[in-house]
Amino acid sequence: MDKVFFVSGGTEAIEIGIKIARKYHLDNGKPSKSRVISRWQSYHGSTAGALAWTGATARRNDFMPYLHDFNHIPPAYCYRCWFNKTPANCDLDCANALENEIMCLGPDNVSVFLAEPVSGMALCGAVPPKGYFERIREICDKYDVLLMFDEVMTGTGRTGKMFAYEHFNVVPDILALGKGLSGGYFPIGATAVPQYIHEKIASESGVFGAGHSWGGNPLGCSVVSKTLDYIKEHNLVERSHTLGEYLNNKLDTLRSHPLVGDIRGKGLMRGIEFVRDRSTKNRLKRAWDSLPGYLLHALKKGCSLNIRAGVTGDRPVTQ
Ligand SMILES: Cc1ncc(COP(=O)(O)O)c(C=O)c1O
């Protein structure tokens with residue numbers, strides 16, 4: 001990643017990234033490339049654009065009349081595989097779904113595929129199966145579709161690598177960042193691109209007509225700069241990996257608990273999926289009724305947990 005466009009938060013970073021993709025194709029002589037493909041059970045932000053690319057229906061439903069119609073493919077969600085596969089017989093149907101979608105829309109119309117490398121709030125730490133992003137990269141390259149990673153939540157060390165995509169054997173064309181980029185001390189996000197994307201736009205039209213009042217805010221950029229220095233000086237990325245392994249070992253002891261369906265994640269980004277019954281994977285009837293006890297207990301022990309009730313419930317309960 002060679003060039004960075006600073007904005008005011010994660011949602012703006014997503015919006016700018018999608019616009020950069022569009023501008024790249026325009027300047028590359030492919031004006032029909034405009035469609036964005038993303039995944040169901042994803043979260044990319046709350047403006048009309050970012051919500052349209054978001055796949056968490058609980059977040060979208062109230063605002064559907066304002067959302068443009070974009071395309072979503074099934075997520076990489078091994079615990080409740082949309083293709084009813086298990087890790088043993090997985091043949092990456094969830095990645096191949098991207099090729100199907102591109103073929104249906106027509107490759108000449110597709111601009112970019114947007115995904116979180118490790119899922120955030122919508123699937124709480126879901127990690128894709130082995131080979132998933134390699135296959136996605138292959139498909140994107142085949143059809144000249146840009147690959148954009150939303151690392152607003154996973155970026156700057158959260159998963160035990162500086163960027164979560166480093167866990168996989170791929171590099172994106174566009175990277176959206178936010179949250180930990182400033183350590184939470186200043187509201188800022190960023191969209192980063194490699195030289196070839198910047199070069200194409202700079203040398204062709206020379207114009208990127210998108211931006212916001214506080215874009216490139218010097219105070220925010222200074223906070224980012226200091227935050228990155230701090231992360232480096234204190235080896236926080238390695239620490240996220242080490243503590244993440246410790247956390248994972250501790251969480252492992254909960255695996256046999258009757259209410260714990262799945263435990264997943266990387267580094268210090270971990271999620272637990274609670275279920276009513278481990279064998280059927282039926283969801284808790286009303287998560288809010290059952291979980292506050294756990295939350296309060298955790299809080300007393302100094303651990304603040306975030307509940308995502310029903311967010312994973314985009315599919316029938318028996319799935
Ligand atoms: C993966 C992901 N993308 C985008 C966003 C939106 O970022 P923001 O809330 O800073 O606008 C979030 C926020 O939670 C997120 O988790």
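This one's a predicted model, so the numbers in the text were calculated from it and none came from an experiment. Indexing begins at 1, ligand by ligand and atom by atom, following the structure's order.
A centroid separation of 6.0 Å or more is found between the aromatic rings of Phe163 and Phe149.
For the pair Lys232 and Leu228, the minimum side-chain heavy-atom distance is 4.5 Å or more. No side-chain heavy atom of Tyr24 sits less than 4.5 Å from a side-chain heavy atom of Val193.
Lys33 contributes no side-chain N or O that, together with a main-chain N or O of Asp108, makes up a donor-acceptor pair within less than 3.5 Å.
The closest non-hydrogen atom to atom 14 (O) of ligand 1, taken over Lys179, Met121, Glu15, His44, comes from Lys179.
By the 30° and 60° cut-offs, the orientation of the rings of His72 relative to Trp40 is parallel.
Other residues, nucleotides and ligands contribute only 12 or fewer heavy atoms inside 6.0 Å of the CG atom of Asp69.
Protein heavy atom at the shortest distance from atom 9 (O) of ligand 1 is Thr11 OG1, 4.3 Å. With hydrogens left out, the protein atom closest to atom 5 (C) of ligand 1 is Val152 CG1, 3.7 Å, a heavy atom.
The shortest N/O to N/O separation between Glu12 and ligand 1 does not fall below 3.5 Å. On a distance-only criterion, Glu116 and ligand 1 share no N/O pair closer than 3.5 Å. Between Gly10 and ligand 1, a contact under 3.5 Å exists for at least one N or O pair.
Close contacts of ligand 1 with Met153, meaning ligand atoms under 4.0 Å from a residue heavy atom, involve 16 (O). Of all atoms in ligand 1, numbered sequentially from 1 with element shown, those under 4.0 Å from a heavy atom of Gly45 are 4 (C), 6 (C). In the vicinity of Asp150, heavy-atom distances shorter than 4.0 Å reach the ligand 1 atoms 1 (C), 2 (C), 3 (N), 4 (C).
Side-chain N/O atoms of Arg264 and Tyr79 include no donor and acceptor closer than 3.5 Å.
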